[in-house]
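Working notes for the structure below.
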Amino acid sequence: MVEGTEGTAPEHNRIPHPLDPGELSSARVYDYLLGGKDNYDVDRDMARQMLSTAPELKTLAWFTRGFMRKAVEMAADAGIRQFIDLGSGIPISPNVHEVAREIEPSAQVVYVDYDPVVVAHCEALLAGPPGISALLGDVRHPLDILDKLHDGALIDLDKPVAITLVSVLHYIMDDEDPAGIVAAIRDRLAPGSYLTITHGSSDSDPEILRILTGTKDTPAQVCFRSTPQTEAFLSGFELLEPGVVPVQQWLRPGLPDTRMVMLGAIGRKP
């Protein structure tokens, strides 16, 4: 269990209710920050509140998206042909399958989210071509997801897989055992598999943290963590260089720092 446990809202209060435009959704807030249109007033209000204090959050969202793209490219270049996007969120191009199939047109990709509306978007926009699927599943129950992937012949877990957990783990509270969740996933993966994570850092600007943690008892409740705590999630993986660092450092030199620090890391299972 990661240190620093805070109270967690009951699970039924943190699972999105389908088609409720009055309930805040982290997926729809992120969609707004990326310039998407699949969001409601409550999501836009929260995003605008955050941007009024930290306008660079929109840029950081794109840095994070760029890191995801780089991670998928690295996995595909390494020969991986299966991809699972856990906590995929509302589709915003470039999506995982677009990136992977630029390198390997036969890549198999499954988008997984616990929000039924998000999964419906994925099914409508992404799950048309053969080899691209959408699955309803809660990352807090990883073995259920992996069993569904196996039973549905969507992913062959006996072969290497690349998993992306982009801006997901900080929505899992300490008493929901995020380290145990990642370990359960790791133990089912074949050698050579990749795991990519991004995680909000507790070393961010205190004012930014105050704004972004104002979502307690909602599906957008967050728990930011330190660099050592984030690195601990990748126990049992070989960390690829440059390690657990702000996502900008994975992209190219000269990108600006942001007061909200989003850590990025890629691990390979030996």
Side-chain angles (χ1 to χ4, degrees), residues 1-9 13-14 16 22-36 38-68 87 89-90 92 115 165-176 178-179 196-234 242-265:
M1 185 79 71
V2 180
E3 294 180 358
T5 299
E6 299 180 4
T8 305
N13 287 342
R14 299 184 57 234
E23 181 179 68
L24 183 67
S25 163
S26 58
R28 296 195 305 260
V29 171
Y30 192 55
D31 174 76
Y32 179 86
L33 293 175
L34 290 172
D38 294 304
N39 44 73
Y40 296 130
D41 286 342
V42 64
D43 312 302
R44 292 188 285 272
D45 289 345
M46 173 56 72
R48 289 166 183 155
Q49 178 183 346
M50 294 189 299
L51 290 170
S52 68
T53 302
E56 72 270 26
L57 286 178
K58 187 171 288 190
T59 300
L60 181 60
W62 279 108
F63 286 164
T64 304
R65 198 72 178 175
F67 168 68
M68 181 274 289
I90 296 170
I92 291 283
D115 186 333
L165 272 167
V166 174
S167 299
V168 172
L169 288 173
H170 50 240
Y171 291 110
I172 300 175
M173 301 298 103
D174 290 338
D175 57 6
E176 295 171 313
T196 295
I197 67 172
T198 67
H199 198 296
S201 172
S202 57
D203 296 322
S204 301
D205 181 276
E207 177 64 12
I208 303 298
L209 294 178
R210 184 186 68 80
I211 294 295
L212 297 183
T213 55
T215 54
K216 188 175 180 181
D217 298 336
T218 78
Q221 181 176 347
V222 292
C223 178
F224 296 136
R225 300 180 174 96
S226 67
T227 299
Q229 287 174 320
T230 302
E231 183 172 343
F233 291 141
L234 289 162
V244 184
V245 297
V247 290
Q248 294 95 311
Q249 295 184 27
W250 281 91
L251 300 178
R252 60 176 174 81
L255 292 177
D257 293 333
T258 50
R259 290 177 297 160
M260 173 64 211
V261 178
M262 184 66 71
L263 299 169

**Complete:** CH2 (W62) and CD1 (I92) are apart, to the nearest 0.5 Å, by 6.5 Å
**Request:** Please state whether the rings of F67 and W250 are parallel, tilted or perpendicular, taking 30° and 60° as the class boundaries.
**Result:** tilted
**Asked** Looking at OG1 of T59 and CG of L255, how far apart are the two atoms once the value is rounded to the nearest 0.5 Å?
**Response** 10.0 Å
**Message:** If you compare all heavy atoms of S204 against all heavy atoms of V261, which two are closest, and at what distance to 0.1 Å?
**Reply:** OG-N, 2.8 Å
**Message:** Return the CG to OG1 distance between L263 and T227, rounded to the nearest 0.5 Å.
**Reply:** 4.5 Å
**Item:** Minimal non-hydrogen separation, D205 against E207, with atom names
**Value:** OD1-N, 2.8 Å
**Prompt:** Taking the side chain from H199 and the backbone from T230, do they hold a donor-acceptor pair closer than 3.5 Å?
**Reply:** no
**Request:** Provide the closest heavy-atom pair for F233 versus A179 in the form atom of the first, atom of the second, distance.
**Result:** CE2-N, 3.6 Å
**Item:** T198 versus S167, side-chain donor and acceptor atoms under 3.5 Å
**Value:** yes
**Reference residue L60; test side-chain contact (heavy atoms from CB on, under 4.5 Å); the match among M262, R259, R65** = M262
**Request:** List in chain and number order the residues that pass side chain to side chain donor-acceptor pair (under 3.5 Å) with S201, two or more places apart in sequence or in another chain; answer none if no residue qualifies.
**Result:** none
**Message:** If I compare all heavy atoms of R225 with all of I172, which pair ends up nearest, and what's the gap?
**Reply:** NH2-O, 2.7 Å
**Message:** If I take atom CG from residue L57 and atom OG1 from residue T258, how far apart are they, to the nearest 0.5 angstrom?
**Reply:** 8.0 Å
**Request:** Would you name the heavy atoms of V247 and F63 that are closest together and state the gap between them?
**Result:** CG2-CB, 3.9 Å
**Request:** For V168, enumerate each residue passing the side-chain contact (heavy atoms from CB on, under 4.5 Å) test, keeping only those at least two apart in sequence or located in another chain.
**Result:** V139, L165
**Asked** Quick one: does D174's side chain get under 4.5 Å of C223's, heavy atoms only?
**Response** yes
**Asked** When you measure from the side chain of S202 to the backbone N and O of S226, does any donor-acceptor pair fall under 3.5 Å?
**Response** yes
**Request:** Look only at the side chain of Q248 and the backbone of P256, and say whether a donor-acceptor pair between them is shorter than 3.5 Å.
**Result:** yes
